[in-house]
Amino acid sequence: MPIFADKMTELPISSVLSLSAVSVPPSVKCLQFSQDGQVILLTKYAVHILTPDTGVSVERSSVIKQDSSKLPSGSTHPLGWLRTMVEFDRSLAHQWPNDSKEWGAVSLGSLDPSLHAVALSPSNLTADAGCVLALLNSNLELTIWGASKNLLTGEWIRLQDVTSALETASAAKDPLLAVKNVLRNQSTCIAWSSQPQWGEPMPPVEASSLAVGNRAGSVTFLRYDKTEKQMSVLKETQVADRWVSHLAWSAWNVPQDDTCEAMLACGSSDGSIAILTVRQTLNPKPTLTNISPDHALSLSIQLDDEKISGSDGRAITGLQWANPPGRSAILIYHKPGVIHLWSAPSSEAAWSGSRAFALRTQRRSVGSSALSPASGISYVPSCDMAVVSLSDGSFYVIHKLSVDPTLYPPPTEPIQPDALSAASRSVFVRAESKASFKDVDRIHGAATYDGGSTFMWTYEASRPTDFSYKHDAKHISTFVVAQLWEEDVDERVLYDLAERVGHARSVSGEAPISILRPVLLHLREPSRIARLHPRILDILHRQPFNGVDATIAVPTYSGDWTTELSCELRRSLTTQLFGWGSIQSQRMRYTVAVFCQKYAEAADIQQKFADAANLFLANIRSHVQMVLIRHLSAISGAISRSAYDISFARRTIRQATTASEAAPALAKEADTLLAQLSSAPQPGPPDAQISAASPAAELAPIQDGHSMDELCPACNGVVPLQSMDAEGAVCTNGHVWARCCVTSFLLATPMVRTCIGCSRKALLPPPVPARAAPGPSSSGDANGSVDRPASQVGDSQAPPAHSPYPRAGMGGSYNSARFVQDLLDATQRCPFCGNNFVVLV
Ligand SMILES: *[C@@H]1O[C@H](CO)[C@@H](O)[C@H](O)[C@H]1NC(C)=O
Ligand SMILES: *[C@@H]1O[C@H](CO)[C@@H](O)[C@H](O)[C@H]1NC(C)=O
Ligand SMILES: *[C@@H]1O[C@H](CO)[C@@H](O)[C@H](O)[C@H]1NC(C)=O
Ligand SMILES: [Zn+2]
Ligand SMILES: [Zn+2]
């Protein structure tokens, strides 16, 4: 042991944050990463939402920085954190005794209401392409939450009291069985599935599902509706005759193009576990304009006859799937003293069936006990091992998980059974600076931070033998990020980078800063970039980009502009802009190149990364322009009926034809579009007075360079539209403006969104959803967010009634171009780096 302890002191610690928070009982899900790249930590009265600042370029002044001199010894390159939280107000919406006086319906958790469980949706779920949080409290009530304007530091708001939705769903079912119905609306556990990876371009259909277990022994499947901001019930299935206590989803398999399958493990309060096989099928749905295919999903659920664990009365404390590549998923579950594994019978897997491993206590403090509940289950693919932590601060490692699982490997194995416990204990001793055998580090939640040896966990220090000891009463939870075993980080960074940028088919909705977290964490070290830069550049330049031009298919539509057209146009734009893995890959390469440029110390290395970044940026830009040209072209009939739409089309053509890096194919299609528009009859009164703000001015022939220019909002001087500086603009008098990264209009308004990755800015999308009725409608939305004119579908020639934007050149008319509105609405992520937008101020 001492040998390990000495060696471990060398392992780096990246963060030690003290939070004044009361921990929830240990659980494998109370500390996890969201697909937006945020750490979600569940405590008794709040959910802490912590974002590591790696790759985040906004809100730099709010970053909590740790002084490395104040961190424990061995700390290197401390991570900075942005934080916000959801506080639990402890008010209860449901008085169960009013519904049923039966003893079984009483919820003891209502005496001291606290938070009980959290489940995270996949990302790209909400209207602004973020995650939804589901929260369960001790009164068995379920709510969902989402970020309102700024997921990093802003407020998260309650979107729905889901319990009420469950009530209406079950009310319809069994009007006679009052107690049973109440038990059915009492939620006991939650788990949100991932999103299946369909073919390309990813069909825009929401396929993740929140499974909710209840006291009546059934599981309800719910789906989030983006426009309603609510969950709706899909199905309910009976799995047991007592409380469902734990739920865990495997990843989805896609055995056929239109079918996906996952397993849902359902643990009950008697220790038994049943498996549900959940299957979804994509069915094409007819559309009115044909612009974009639409799909409906059908869901079927099958309960496997055999329970994988019997009713032995031993409580399950943790349940989670590992999804090793190339084999069926493995269920890992913990009951006091034993780690169990199970894998469905399969011909291609090296093993299947059940395995059990008895745990031996690892003595590190007076609190050590192998019978403690589980506080974390992680699978580390690069080592094919599962890491299980218990609340007594110990870690257990199952080696060769996918081929031949063992808990006690031969002594030749570099990671020995108690090595991780020793490492974690050494972090505790260093962080607390005076800890002895009497000090217990109770771990409440633990998970891998980078998919490898860097872990995050929260501990609370206590001294159970010392009754006058203060620490416990003050309830300080310490959040730690540290490495737990030696590994060749250089090689793993290169491997992870190649994996993440190399797989073209990797569109999942996960934000690039989240996918790249393991890489960016370690590339913060300038010395590593200095060592590895030729190999990093080599990986970034691998598989040269050929574009997906040939496959961007947008059927022609010759009708008028209708609400359906807008709706399908938006869907098609989103799909083509964000649904291609190869474009996401360019976005990630761009992110890594910019990141390395920033962290590299030598000027020549910085320059190489800057050149690489420019190349990827040009590839992304030409894809975006191609998507725009193809769509404008497909609906050129409708476009040519509005002067505003024509002027936007002309700007787009101009940018596509003059960019120095413009692909010849792109320029050619742009020219064809120009010819299409010129041959169409021109709308509007041709002799209208020419003024900078009128549409007529924008109809001037494209050869006249100034017709594309905007006027400076400060001095009315000309701001030339130069494609080369499409991201910034300077007027003839030297005023500098930012351009919208989606439309390239000048941003003469503070009402913008900012990309958290690259800090490019964009105009806000129109607040009224696509299904709004044609014609002018009231402005502002129900949430009281920014007051902006509603979309003016069907009334495009009328100037905006009360635009908050100055009418600077064409910038003022953008909200009259229907295409622009749909484009802004369709672009919920940054088109360049693919990350989320936030609204600052
Ligand atoms: C429950 O019943 C009590 C008294 O019977 C009443 O005061 C309370 O308002 C009821 N609560 C709800 C939510 O109906
Ligand atoms: C629970 O379900 C029953 C029947 O489905 C319904 O009448 C009742 O209002 C629900 N709500 C509560 C709080 O029990
Ligand atoms: C986000 O979801 C939309 C559908 O709502 C889809 O078209 C788009 O491709 C998704 N984006 C990513 C990056 O997965
Ligand atoms: Zn000016
Ligand atoms: Zn960006």
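We count ligands from 1, going down the list as the structure has it; atoms in each ligand are counted the same way. These numbers were taken from a predicted model, which means no experiment stands behind them. Side chains are part of it too, since the values below use all heavy atoms of this structure and drop only hydrogens, waters and symmetry mates.
- A donor atom on one side chain and an acceptor atom on the other are not found under 3.5 Å apart for D294 and S292.
- In terms of N/O distances under 3.5 Å, ligand 3 is approached by G509.
- At a threshold of 4.5 Å between non-hydrogen side-chain atoms, the residues L521 and R524 count as touching.
- Contact check on D496 versus R500 returns a salt bridge, with a Lys/Arg side-chain nitrogen under 4.0 Å from an Asp/Glu carboxylate oxygen.
- Residue, atom and distance of the protein heavy atom nearest to atom 8 (C) of ligand 3 are N124 ND2, 3.7 Å.
- Taking the six-membered ring for Trp and thresholds of 30 and 60 degrees, F616 and H541 have ring planes inclined between 30 and 60 degrees apart.
- Checked against a 3.5 angstrom limit, the closest N/O atoms of R829 and ligand 3 fall outside it.
- Within the 2.8 Å limit, C741 places no N, O or S atom next to the Zn ion (ligand 5).
- Near P204, meaning under 4.0 Å from one of its heavy atoms, ligand 3 places the atoms 4 (C), 7 (O).
- With respect to the salt-bridge test (charged N to carboxylate O, under 4.0 angstrom), the residues R517 and E510 do not qualify.
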Inset, instruction - Determine, stepwise, if the pair H631 / I635 fulfils side-chain contact (heavy atoms from CB on, under 4.5 Å). - result: CA-CA 6 Å; H631 282 85; I635 58 167; 5.6 Å; no
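- In terms of heavy-atom proximity, V719 sits nearest to V730 at CG1-O, 3.9 Å.
- Within ligand 3, counting atoms from 1 as listed, the ones closer than 4.0 Å to a heavy atom of Q584 are 13 (C).
- The angle C758:SG - the Zn ion (ligand 5) - C830:SG amounts to 110°, with values rounded to 10 degrees.
- For K226, a nitrogen or oxygen atom sits less than 3.5 Å from a nitrogen or oxygen atom of ligand 3, counting backbone and side chain alike.
- Every atom of ligand 3 with a heavy atom of G579 under 4.0 Å away is listed here by number and element: 9 (O).
- Residues F545 and S582 share a closest heavy-atom pair of CE1-O, 4.2 Å.
- Note on ring orientation: taking the six-membered ring where Trp is involved, the planes of W249 and F221 are perpendicular (angle over 60°, cut-offs 30° and 60°).
- Looking from atom 7 (O) of ligand 3 to the surrounding protein, the closest heavy atom is T574 CG2, 3.4 Å.
- Using a 4.0 Å cut-off between charged side-chain N and carboxylate O, D128 and K149 make no salt bridge.
- Evaluated for a side chain to side chain contact (heavy atoms under 4.5 Å, CB included) with V63, the options V56, L79, T51, L82 yield exactly one hit, L82.
- Around the Zn ion (ligand 4), protein atoms of type N, O or S found under 2.8 Å number 4.
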